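Since the structure comes first, as structure tokens, the remarks are kept for the end.
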Amino acid sequence: MQLLKDRILNEGQVVGDDVLKVDMFLNHQIDIPLLDEMGKEFHRLFGDREINKIVTIESSGIAIACMAARYFQVPVIFAKKGKSRNIGDDLYVSSVYSFTRLDSYLITVSKKYLSAQDNILIIDDFLANGHALSGILDIANQAGATVKGIGIAIEKAFQGGGDRLRKKGLDIQSLATIESIRDGKITLADQ
Ligand code: 5GP
């Protein structure tokens, strides 16, 4: 998606060799018209798949998922992060290794909101090594929900998570794909 690619190239800040900061439009300050276009694009890509729920992880995925949900006219469920006081029969639980925090955390979704009747679209802001997505996929699997597609705002292809998950047969569509980050220079894939 050209609009997002331009914003990454013009405003994205590189931290080290593999982290991209997009706090100015996605991860801290949120540019609503941009996210609206992203939501529209996800609907163009996945709108024909009879999706009845969008699933994401708090916090950065929520805004994108909500903008997409306006086009799909379905609810958004976000997996909650961190230890829950009442882990028990009423929650699906998975563990996610965090690339940015270098530590693992739990994600939980209430069994009230996800079941085998659901056809879901998973949305997240970044796909790097694929740990966050694997956690949501694990929860979808526990619920018996059908994953109809996965929409990612920014995929960092050089970290390999997208390739690994696509090999399992998942349909992952990324709005912008970063091929490499070298000496502070971002190279995007032609899409
Ligand atoms: P993965 O689990 O695929 O390794 O990483 C995805 C998660 O880590 C995303 O949900 C995102 O929050 C965070 N993340 C990974 N790489 C980046 C990055 O370069 N910039 C930002 N802002 N977050 C990232």
Side-chain angles (χ1 to χ4, degrees), residues 1 4-31 34-35 38-39 42 54-69 76-82 92-109 120-141 147 149-189 191:
M1 181 188 166
L4 177 62
K5 289 163 82 172
D6 290 345
R7 296 294 291 269
I8 292 169
L9 291 178
N10 293 332
E11 297 169 51
Q13 292 166 355
V14 172
V15 181
D17 279 336
D18 50 14
V19 174
L20 173 69
K21 282 194 84 168
V22 285
D23 282 10
M24 58 305 290
F25 57 83
L26 192 60
N27 287 146
H28 196 15
Q29 173 170 266
I30 298 176
D31 183 323
L34 172 67
L35 264 70
M38 290 163 61
F42 282 131
I54 295 180
V55 179
T56 187
I57 297 197
E58 70 177 357
S59 57
S60 300
I62 296 176
I64 310 169
C66 288
M67 297 305 271
V76 170
I77 298 155
F78 62 90
K80 297 193 176 198
K81 279 184 184 171
Y92 305 114
V93 184
S94 192
S95 173
V96 172
Y97 179 76
S98 166
F99 167 80
T100 39
R101 295 192 215 166
L102 303 177
D103 198 8
S104 291
Y105 59 88
L106 294 182
I107 57 170
T108 61
V109 169
I120 64 170
L121 171 66
I122 297 173
I123 281 186
D124 204 5
D125 60 341
F126 276 89
L127 168 56
N129 296 289
H131 300 302
L133 260 188
S134 298
I136 311 185
L137 287 164
D138 179 25
I139 282 183
N141 188 42
V147 178
I150 299 174
I152 299 292
I154 304 172
E155 176 173 346
K156 294 187 296 178
F158 58 90
Q159 286 172 302
D163 272 1
R164 278 191 287 278
L165 291 167
R166 286 185 184 96
K167 278 189 189 133
K168 295 184 179 176
L170 294 158
D171 181 8
I172 306 175
Q173 305 281 344
S174 302
L175 303 187
T177 300
I178 300 179
E179 291 289 1
S180 67
I181 299 178
R182 239 171 248 127
D183 302 325
K185 188 177 178 308
I186 301 164
T187 303
L188 294 171
Q191 284 165 312

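This is a predicted model, so every value here is computed, not measured. As the structure lists them, so they are numbered: ligands from 1, and atoms in each ligand from 1.
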- Is a salt bridge present between Lys21 and Glu11, judged by a nitrogen-to-oxygen distance below 4.0 Å? no
- For Asp125, check side chain to side chain contact (heavy atoms under 4.5 Å, CB included) against everything at least two apart and list the hits. Leu26, Asn27, Ser60, Ile64
- Task: Report yes if some heavy atom in the side chain of Leu121 is under 4.5 Å from a heavy atom in the side chain of Ile123; otherwise report no.
- Result: yes
- Using only heavy-atom distances, determine whether the side chains of Gln29 and Asp31 contain a donor-acceptor pair under 3.5 Å. no
- Query: Residues two or more places apart in sequence or in another chain: which of them pass salt bridge (Lys or Arg N to Asp or Glu O under 4.0 Å) with Asp6?
  - Reply: none
- Task: Could you pull out all residues at least two apart from Asp138 that satisfy side-chain hydrogen bond (donor to acceptor under 3.5 Å, both in side chains)?
- Result: Ser94, Gln142
Quick check for students: name every N or O atom pair between ligand 1 and the protein closer than 3.5 Å, with distances.
from, atom 1, to, atom 2, distance (Å)
ligand 1, 2 (O), His131, N, 3.0
ligand 1, 2 (O), Ala132, N, 2.8
ligand 1, 3 (O), Ala128, N, 2.8
ligand 1, 3 (O), Asn129, N, 3.1
ligand 1, 3 (O), Gly130, N, 2.7
ligand 1, 4 (O), Asn129, N, 2.8
ligand 1, 10 (O), Asp124, OD2, 2.9
ligand 1, 10 (O), Asp125, OD1, 3.4
ligand 1, 16 (N), Lys156, NZ, 2.9
ligand 1, 19 (O), Leu20, N, 2.9
ligand 1, 19 (O), Lys156, NZ, 2.7
ligand 1, 20 (N), Leu20, O, 2.7
ligand 1, 22 (N), Leu20, O, 3.4
ligand 1, 22 (N), Asn27, OD1, 3.1

